[in-house]
Each structure stands twice: as structure tokens, then as C-alpha cells.
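Encoded as C-alpha cells, the structure appears first; notes follow it.
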Amino acid sequence: MFLIKRLHLQNGKKINWQWDGTPTHLVGPNGCGKSLFLKNLADLFPTDYETFLYLHRSREQHLPEIYRSEVLYLPPQSSMTDFETVDQFMNLPWTFHLYKNHEPAYDFQDLIHEWQLTKLPPQKLSSGEKQILSILRALTLRPKVLLIDETFAHIDSARKQKLIERLLDWRKHHHGTLILVSHEETGLEALQLKRLHFSDLVENPH
Amino acid sequence: MINLQGVVIPLALVSAITLCTYWLGQKLHRDFLIASIRMILQLILLSYILNWLFQQQHFFVGIIAVAVMTINAAFNIKSRVKHSFPGLFLDNFVSLAVTLWPLSFLGSYALYQHEMSKISLFLPLLGMLLGNTLNNLSQGLDFFTRDLKEKKDDVLSLIALGATTSEATKSLFNHSLRVGMSSTINSMISMGIISIPGLMTGQLMAGTSPSVAVVMQIAMMLLILAGSYLGLSLSLFLARRRFFNSRGEICF
């Protein structure tokens, strides 16, 4: 799915990776650059590389907005300061030009109501609740690759299991896959992620 | 005819106040002194320059004067924006020139019709527009650049969802526009109730009838509002392009 040779991260590290699309859990210590790698994978920063192929085509051959909607990066924390309601937050991407004339892949109103996520203004939701909404919103956009940057970190285990069920459903019906980065995380066994250490991707400077 | 007495009395008053601040240890006397001397010298110099300019009939002399005024304004805005970025001066110059030069012609035509091309009418109008728009641009741009850096993660998360750079920064852009325009809007709201504007005051003191002075002031304020909005919108648009590349990747 990805063939990456000598991708220069902004922290000076160079990455080599051939990824066949197997759902992967990328682990590494704080500050090793795994989040930075995900952001570069999502084409959010300008960077140099020798080869960067996604679905056998170079990154430049993909329209940037379409590429980012397919290889969708989910940050660890979503700010909701600009939103007055949860619906406004959930519907924001549908105001973008890219998603005009598209329909959401899922309607997660059942989970949103079950977990009473509309009871408070978005700014007053807990970190975990904001993360849940971010994941659900991302799934409605039909990404092909979901890049999850510690987005499960603050979610309690009961809700995490239900979210994982939805993620498995998305993988099955939309043939989506994911790369998750975190230090260490438990409760993700059902996702059947291949565990990989970030340092294995980093080119040895010598 | 104004005699020097008109300046001597206010000058004596400011001198007395400056001495007072010195005796009271308020550390304002230097600022008062420098600001007063600079203002007097700059305005005397301006009077000589304007006298000379107004006597010129060459079109290109007017163009040079307009360019110098706009360059000065663009530099001034650059120095007031705390989070400066490469290209800021050029963006300011383009924003001011593209919006205020045609607007000054339009204003000259609206106010003076067949005399619109006279330098003595066009330059003061452009000066008023530049002076006001300069504040709007520096406030709006300062807010935009600061907020963009503070909310980098929010912008990043929107771009990650597939937003274009204009969609991802729409809320910041509009907020900066409101911040930049607020001083002009506030001054318009208070005009005539709390304050008598400078242009109108000058005309009244020169003996113009209030009804004529009011018409001139209304036209001027509407031109200032239009110029500020257009200049600030263009400068924010140009500034935004400096923070992203053609693929919409974040370069700050």
C-alpha cells in the first residue's frame, strides 16, 4: 500500500518502510518521531524523500485533498472551541468542497445518544469523549487508511470495545485499514494489529 | 489666515506639562519631547513637500509621491506585526496599492468630478485612506499570524480531514477580519455623538459650513470603510498563502 524510501522527518530521521496494508500498531518511546511520521504519511508537512508510493502512484500524482481524505490522520486531541454543538462538529467536513454531493458512510447517532455526548457543549466534554467523536467523525468520511495518533488514550475500556466493534465493521465493509501509534496500549487485541517498533523503520545513520 | 499664536499657546501648554511629568518622576518627559519635536519637524517638512508637489504638473511626480507614501505605510504595517513572515512587506504594498489607489481615484471623482486628477486633491485623500487602513491591516494581520501559530494543531486537523487551506483557516480569517475592522466600525458608531471627526473639525475651523463639511466627512468615512475592508481582506488572503505550499502542506 505504501512504499517509502528515505523519507526525511523534520527531526532528522530517515524512514524506510514497505507496508502491505496489514493493520499495524507502531510503538515507540516519547519523542521518537512516530507522530511526526504519521503526519508526514498524511501529507501534512512538506518533506523530502527518495520514493513515496501510495497505491503504486507517487504522492504528487494524488490530489492532496483526496489523498488526505483517503489517508486520514487523527490527532491525539481535537479542539472543539469553535463549535457550539456536537452536531456542528460532526457535520463540519460535510461543508468542505471535497465532500459536497457525498453521503456519510455511517450514522453514529445511536452511540452519540447512548453515551450522552450531546448533553454538554463540545468544549466541556472530557478528553476521551472528544476522542470518541473524532474517531466516529473520521469513519463517516470513508477513509482507506486511518492513521490513529494515540486517539484511544483517554477512552474507558467499555467504550473502547464498542468503538473497536465499529472499526472492525468499517474494515470489513469499506476495506479500510489502520496504523495506530502509541507508547503501549492494552485492550486493542480485537483489532488484531501487527505490532511493529518504530525504530525498525528508522534508517541507521551509520 | 492662521498666525503663529495658534501654535505658541498649545506649545507653551505642552512644555509646562512636560516639565510637570519630569518633576513628578513619571518618566514621560523624554517621550513628550521627542514626539512633539518629531511631529513639528515632520509636519513642517510635509508642508514644504506638499507645496512643491502641488505646483508640479507632471503625472509621474504624483506617481512617485503615491509610491513613497504606500511604501512607508507597508513598512509601518510590517513593523507593527509581531509574528512577521517573509514577504510581509511585499504583501502589504500590493494590498494597499491594488485597493487604495483605485479607491482614491474613485473618491476624487465622487468628490471633485472633473478635478479628480489634481495631485492636491488626490494625495490628501490617499493619505487619509492609507493612515486608516494601516491600523486595520496591522491589527488584523497581527491577530491572524498569532492565532494561526497558536491554533496550528486545529488547522492541521482540518487539513487532515480533507479541507483546503481556505476552508481550514476560514474561521481564523473571518475572526481576523472582524478584529482588524473593529476600530473603523467603532469610530463610525461613535462619530457625531461622542466625537467630531478630524476632517470635519479642520473644515469647520477653516470656515466651511457644517452641511458641506458633513457631506465630505460621510464620503470620507465610507471610503475608509471600503478601503479598510478591501485592503485587509487582500492582505489576509496573501498572508495565508505564505503559510502553506501549493499542496496545502503546512509550512510554519
Side-chain angles (χ1 to χ4, degrees), chain A residues 10 35-36 38-48 59-83 88-100 102 130-131 133-134 137-143 145-149 151, chain B residues 83-88 91 139-182 232-233 236-252:
Chain A
Q10 287 73 10
S35 289
L36 199 56
L38 280 199
K39 289 173 190 169
N40 279 286
L41 212 53
D43 192 16
L44 295 173
F45 297 128
T47 184
D48 292 326
R59 195 160 83 170
E60 279 70 33
Q61 289 176 295
H62 295 274
L63 282 171
E65 285 85 20
I66 293 176
Y67 174 87
R68 289 185 199 115
S69 71
E70 289 184 6
V71 184
L72 201 153
Y73 170 75
L74 266 179
Q77 195 64 265
S78 275
S79 160
M80 295 190 173
T81 47
D82 286 339
F83 303 100
Q88 221 177 49
F89 172 79
M90 294 297 283
N91 293 331
L92 178 73
W94 303 98
T95 65
F96 299 162
H97 180 72
L98 181 68
Y99 299 108
K100 289 262 165 75
H102 286 69
K130 287 178 184 172
Q131 287 180 329
L133 289 171
S134 295
R137 184 173 72 172
L139 290 181
T140 64
L141 304 176
R142 295 188 182 87
V145 185
L146 202 51
L147 308 175
I148 302 179
D149 190 355
T151 318
Chain B
H83 299 273
S84 188
F85 54 87
L88 175 59
D91 290 352
Q139 284 167 3
L141 279 171
D142 190 49
F143 183 86
F144 182 73
T145 50
R146 192 182 62 230
D147 224 31
L148 191 61
K149 285 179 183 176
E150 280 173 8
K151 293 186 174 171
K152 183 177 175 178
D153 287 343
D154 297 354
V155 172
L156 181 142
S157 64
L158 293 181
I159 289 186
L161 287 171
T164 59
T165 53
S166 58
E167 287 166 337
T169 55
K170 188 179 171 187
S171 134
L172 285 179
F173 189 99
N174 290 343
H175 199 173
S176 307
L177 205 54
R178 285 196 294 276
V179 168
M181 291 301 297
S182 61
L232 180 57
S233 300
L236 288 173
F237 174 80
L238 294 174
R240 179 167 61 192
R241 290 162 59 97
R242 302 279 180 186
F243 292 94
F244 303 93
N245 64 14
S246 57
R247 278 191 72 78
E249 293 165 333
I250 296 169
C251 305
F252 60 98

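Chain identifiers are assigned alphabetically (A, B, ...) following the order of the sequence lines, protein sequences preceding nucleic acid strands; residue numbering begins at 1 within each chain.
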Name the region of [X], side chain, backbone, both or neither, that has any atom closer than 4.5 Å to a heavy atom of chain B.
X      : answer
A:D43  : both
A:R137 : side chain
A:T95  : backbone
A:P46  : both
A:L147 : neither

Query raised in the report: For A:E65 and B:G162, which heavy atoms make the closest approach, and how far apart are they?
Result: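 Closest heavy-atom pair between A:E65 and B:G162: CG-O, 3.5 Å.
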* **Shortest non-hydrogen contact between B:R247 and A:R68, atoms and distance** =>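 In this case the closest contact between B:R247 and A:R68 is O-NH2, 2.6 Å.
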From [X] atom [atom1] to [Y] atom [atom2], the distance as rounded to the nearest 0.5 Å:
X      : Y      : atom1 : atom2 : value
A:S78  : B:L161 : OG    : CG    : 8.0 Å
A:F96  : B:K170 : CZ    : NZ    : 10.0 Å
B:S157 : A:L72  : OG    : CG    : 10.5 Å
A:F45  : B:N245 : CZ    : CG    : 11.5 Å

Which atoms of B:T164 approach chain A - backbone, side chain, both or neither, heavy atom under 4.5 Å:
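Both backbone and side chain.
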Atom CZ of B:F237: over 12 foreign heavy atoms under 6.0 Å: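 Atom CZ in B:F237 is not crowded, with 12 or fewer foreign heavy atoms closer than 6.0 Å.
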Query raised in the report: Does some side-chain heavy atom of A:L44 sit less than 4.5 Å from a side-chain heavy atom of B:E249?
Result: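 Not touching, per the 4.5 Å side-chain cut-off.
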Measure the shortest side-chain to side-chain distance between A:Y73 and B:L156 over non-hydrogen atoms and say whether it is less than 4.5 angstrom.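 Touching, per the 4.5 Å side-chain cut-off.
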*asked:* Please rank A:S134, A:P93, A:P75, A:P64 by heavy-atom pairs under 4.5 Å with chain B and give me the top one.
replied: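 Looking at each option in turn, the highest pair count goes to A:P64.
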Applying ring pair (Phe, Tyr, Trp, His ring centres under 6.0 Å), name anything that partners B:F173, two or more places apart in sequence or on another chain.
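None.
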